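Step one of this worksheet: look at the structure below.
In what follows, every chain begins at residue 1, and chains take the letters A, B, ... in the order their sequences are listed. Everything numeric in this text was worked out from a predicted model, so none of it was measured.
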Amino acid sequence: MGKTLFDKIWDAHVITEIADGPSQLYIDRQFAHEVTSPQAFNGLRDRGLTVMRPSKTTATPDHNIPTWNQERPIADPISKFQVETLTKNCEEFGITLYGLGNKKNGIVHVVGPENGYTLPGMTIVCGDSHTSTHGAFGTIAFGIGTSEVEMVLASQCILQPKPKTMLIKIDGDLGEGVSSKDIILYIISKLTTGGGTGHFVEFAGSAITALSMEARMTLCNMSIEMGARGGLIAPDQTTYDYVEGREFAPKGDDWDKALVYWNTLHTDADATFDKEFHFSADDIEPMITYGTNPGMGVGISGSIPTLDEIDEAGQATFKQSMEYMGFQPGDKLIGKKIDYVFIGSCTNGRIEDLRVFCDFIKGKKKADHVTAWIVPGSRQVEKQAREEGLFDILTEAGFVMRQPGCSACLAMNDDKIPAGKYSVSTSNRNFEGRQGPGARTLLSSVLTAAAAAITGEVTDPRTLMQEPALA
Amino acid sequence: MPIEKFSVLTSTCIPLPIENVDTDQIIPARFLKATTKEGFGDNLFRDWRYDKQDQPKQDFVLNDPTYSGEIFVGGKNFGSGSSREHAAWAIAGYGFRVVVSSFFADIFKANALNNGVLPVQVSETFLAKLFAAIESDPSTKVTVKLEEQTITLHSTGESERFEINGYKKNCLANGYDDIDFLLSNQDKIEAWEKTSFY
Ligand code: SF4
């Protein structure tokens with residue numbers, strides 16, 4: 001019987017299998033950042049171990065760094081110490097670090113792909129759940145805990161029970177104003193935040209193959225939000241075109257050999273999955289969330305469910321969520337006044353996202369009462385945005401671009417949405433307090449966030465796209 | 001580092017019947033700045049436990065003296081979201097050895113096991129009975145046996161079996177962690193690398 005793409009990559013990386021236990025899996029690439037690695041390095045020191053393959057780990061501080069005045073010392077002494085600890089650990093153990101100010105610094109999941117570290121067929125881990133982003137290249141990429149970071153540093157391997165496989169197939173054409181962010185918010189709203197637990201998802205179908213590489217990353221990024229271990233997409237010409245020529249991608253003969261291998265990376269016609277879901281792209285409209293987990297989303301023209309639409313066991317949680325958000329069951333989303341807009345994160349902080357944003361806001365003006373944080377995913381994205389003239393478009397419309405980092409996606413630095421304020425955010429989580437204590441987050445695509453930034457309220461971006469731009 | 005061994009635990013429970021509790025609630029991001037594993041228990045469920053003036057919220061279960069114990073009972077889909085192991089450190093640091101739910105997020109489950117905290121997945125029916133029993137009598141005791149893979153509610157005598165793979169069970173029973181095992185296969189790792197594309 002044929003194999004799924006996931007099985008092919010998994011099987012090729014198994015060092016050994018433990019009876020009634022996990023498999024020992026070889027890891028081709030590990031990414032590290034300042035927040036989930038210090039205890040792992042301490043563990044190595046305590047055991048007197050070294051890093052087995054230092055060249056296979058790449059580090060960049062991103063979670064806990066300011067997005068303002070990065071050239072100055074970090075003001076918060078505890079954050080400063082954590083970032084310095086990463087530098088010290090990388091020096092001691094011989095790991096490549098793209099520190100603050102380095103031209104390759106940025107969010108781990110933006111830095112990996114843009115430098116050609118992320119390649120089809122790899123196994124990739126990072127102490128960060130959105131490692132699933134790299135699945136867009138046809139990799140098995142998943143987030144791990146700090147104990148596991150230590151294991152990979154020590155042995156370049158990890159023990160993992162083999163997940164089940166799931167196919168999510170989306171055929172048809174996306175409508176105008178609908179993006180891959182809407183696809184994934186739509187899927188999670190259907191399958192819930194636990195719907196993918198225990199599974200590795202392959203995304204396929206004509207709506208998926210039509211997506212750009214960056215849009216595929218947005219999609220795979222959020223596969224963790226339905227509980228899946230990760231999500232992946234078979235590599236194709238779009239993948240190869242993106243990877244070719246990047247700094248750490250294979251070159252010359254190695255490139256030709258790589259292509260031969262990569263072309264085997266697809267699910268065989270007679271392979272089967274443990275679960276399958278099929279959706280039609282035509283059913284998807286721009287999405288927005290109204291609650292406190294990413295599964296609580298609806299099409300932008302829809303309403304928040306009423307209490308009787310929620311199953312009984314979930315009602316207490318739903319009520320708590322409504323109270324936190326300051327919404328009533330049954331409310332319409334369109335027209336809700338908002339205070340903040342956040343464009344950024346490893347979900348939507350790439351150059352394509354900034355282009356979409358700028359294209360939309362060009363010739364328009366930011367609503368006066370809205371505070372907008374535009375945060376590029378990396379230094380390279382920032383540089384490219386400058387070179388393409390996006391900075392000027394932003395400035396003219398009343399927006400400012402900050403410096404790269406995770407920023408208000410998890411609000412570990414100063415970029416916190418104040419308590420009670422509403423934020424339309426292109427990041428991936430709307431949990432209570434995720435964007436700051438008391439912050440109320442509505443997740444959406446870049447376009448929907450752009451529309452909210454202009455009107456100051458939840459707005460269907462398609463209605464503004466039909467209007468001629470104001471001169 | 002070696003983890004604390006586990007065999008049998010009998011204890012009262014602390015209940016939190018909320019679904020989809022994510023790791024941002026278990027330990028909010030602003031408390032992730034530490035570079036050691038200590039002290040996270042103090043900030044377990046920080047924003048549900050303390051108000052804006054850092055005063056304990058009386059209606060939150062951890063601040064309710066009626067409830068105590070080393071067993072935490074949570075609602076369905078516990079530990080979703082971020083992979084932060086700090087969530088497991090906070091649970092362990094507070095003094096819990098067992099977390100019971102009807103459904104766990106994958107990464108949280110792995111992180112708990114790697115820190116000597118046993119995730120016990122029970123049926124929805126059993127979970128509902130547990131919540132009801134604890135609520136009606138906070139001194140209700142529960143026994144968790146690793147060897148037998150059972151959880152027993154003393155007040156009714158009802159028991160349920162839970163799953164754990166043989167390898168992890170052995171690790172927890174003996175206090176082993178994974179690194180020794182991984183490194184014992186060094187020759188296999190090196191042999192594999194010779195055949196690898198990358
Ligand atoms: S941008 Fe957000 S989701 Fe992505 S790595 Fe940073 S904190 Fe995690």
Side-chain angles (χ1 to χ4, degrees), chain A residues 15-16 18-22 24 26 28 35-36 38-39 42-43 46-47 49 63-64 78-79 81-82 85 119 121-122 127-129 143-148 150-151 154-157 159 161 193-194 197-198 227 229 258 261 293 313-314 316-317 320 410-412 419 429 431-434 437, chain B residues 1 17-25 28-30 32-37 46-48 52 75-77 80-89 103-108 110-111 114-115 124 128 165-170 177-179 181-183 185-186 188-189 191-193 196-198:
Chain A
I15 300 282
T16 184
I18 304 173
D20 189 23
Q24 178 167 351
Y26 191 87
D28 294 314
V35 177
T36 57
Q39 295 86 350
N42 287 346
D46 290 348
R47 293 173 202 254
L49 292 173
H63 282 62
N64 195 5
I78 312 174
S79 300
F81 183 74
Q82 196 177 48
T85 302
L119 300 171
M122 279 185 161
D128 188 284
S129 55
I144 57 177
T146 299
S147 297
E148 295 170 319
E150 187 180 335
M151 291 170 207
S155 69
Q156 207 54 44
C157 289
L159 287 178
T193 54
T197 303
R229 283 306 267 131
Y261 170 47
N293 73 54
T317 311
Q320 178 175 333
L410 91 165
M412 258 191 97
R429 287 186 174 143
F431 299 147
E432 282 185 34
R434 172 77 179 187
Chain B
M1 285 292 95
I18 295 176
E19 294 186 353
N20 304 317
V21 171
D22 57 77
T23 51
D24 272 80
Q25 307 317 315
R30 61 189 190 283
L32 305 186
K33 299 186 182 191
T35 54
T36 67
K37 296 183 186 178
R46 179 77 202 193
D47 292 337
W48 286 347
K52 286 190 199 90
K76 186 170 133 192
N77 195 22
S80 56
S82 156
S83 62
R84 57 187 71 161
E85 193 163 320
H86 312 69
W89 300 332
F103 197 76
F104 288 101
D106 291 326
I107 307 181
F108 176 80
N111 286 341
N114 283 333
N115 288 280
E124 304 232 350
N165 71 56
Y167 170 81
K168 272 294 170 195
K169 183 173 169 179
N170 188 39
D177 77 359
D178 294 347
I179 289 192
F181 176 86
L182 290 168
L183 285 175
N185 287 323
Q186 178 118 15
K188 282 190 195 159
I189 298 173
W192 186 93
E193 283 179 327
S196 156
F197 184 78
Y198 293 112

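- Both the backbone and the side chain of A:Ile15 come within less than 4.5 Å of a heavy atom in chain B.
- When A:Gln156, A:His63, A:Glu148 are compared by the number of non-hydrogen pairs under 4.5 Å with chain B, A:Glu148 comes out ahead.
- If you measure heavy-atom distances from A:Tyr26 to chain B, the contacts under 4.5 Å come from the side chain alone.
- Within a 6.0 Å radius of NZ in B:Lys76, no more than 12 heavy atoms belonging to other residues, nucleotides or ligands are found.
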**Request:** Using the side chain to side chain donor-acceptor pair (under 3.5 Å) rule, take B:Asn20 and B:Asn77 through it: C-alpha gap first, then chi angles, then the decisive distance, then the call.
**Result:** CA-CA 5 Å; B:Asn20 304 317; B:Asn77 195 22; 2.9 Å; yes

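- Contacts between B:Asn170 and chain A at a heavy-atom distance below 4.5 Å are absent for every atom of the residue.
- Side-chain atoms of B:Glu85 and A:Gln39 include no donor-acceptor pair closer than 3.5 Å.
- Across A:Glu150, A:Met151, A:Gln24, a single residue satisfies side-chain contact (heavy atoms from CB on, under 4.5 Å) together with B:Asp178, and that is A:Met151.
- With a threshold of 4.5 angstrom between heavy atoms, A:Thr197 approaches chain B through its backbone and through its side chain.
- Scored by the side-chain contact (heavy atoms from CB on, under 4.5 Å) test, B:Pro28 finds B:Arg30, B:Phe31, B:Arg46, B:Asp47 as partners (sequence neighbours excluded).
- Among the candidates A:Pro161, A:Ala411, A:Ala258, A:Gly433, the residue making the largest number of heavy-atom pairs closer than 4.5 Å to chain B is A:Ala258.
- By the 4.0 Å N-to-carboxylate-O rule, B:Asp22 lies too far from A:Arg429 to be salt-bridged with it.
- B:Asp106 touches chain A through backbone and side chain together, each having a heavy atom under 4.5 Å away.
- Contacts between A:Thr16 and chain B at a heavy-atom distance below 4.5 Å involve the side chain alone, from C-beta outward.
- No side-chain donor from either of A:Asp128 and B:Ser83 sits under 3.5 Å from a side-chain acceptor of the other.
- With a 4.5 Å cut-off on non-hydrogen atoms, B:Glu124 does not touch chain A at all.
- Residue A:Arg434 touches chain B through both its backbone and its side chain, counting heavy-atom pairs closer than 4.5 Å.
- Ring orientation note: the planes of B:Phe181 and B:Tyr167 are nearly perpendicular, at an angle over 60° on the 30°/60° scale.
- Interface remark: of the candidates A:Ala316, A:Gly127, A:Ala313, A:Gly121, A:Ala313 forms the most heavy-atom pairs closer than 4.5 Å to chain B.
- Contacts of A:Ala154 with chain B are made by both backbone and side-chain atoms, with heavy-atom separations under 4.5 Å.
- Contacts between A:Ala419 and chain B at a heavy-atom distance below 4.5 Å involve the side chain alone, from C-beta outward.
- Chain B forms more heavy-atom pairs under 4.5 Å with one residue of A:Val35, A:Thr36, A:Leu49, A:Leu159 than with any other, namely A:Leu159.
- For B:Lys33, the parts lying near chain A are the backbone and the side chain together; criterion is any non-hydrogen pair under 4.5 Å.
- Looking at B:Tyr198, the atoms closer than 4.5 Å to chain A (heavy atoms on both sides) sit in the backbone and in the side chain alike.
- For A:Thr317, the side-chain contact (heavy atoms from CB on, under 4.5 Å) partners two or more places apart in sequence, or in a different chain, are B:Ile18, B:Glu19.
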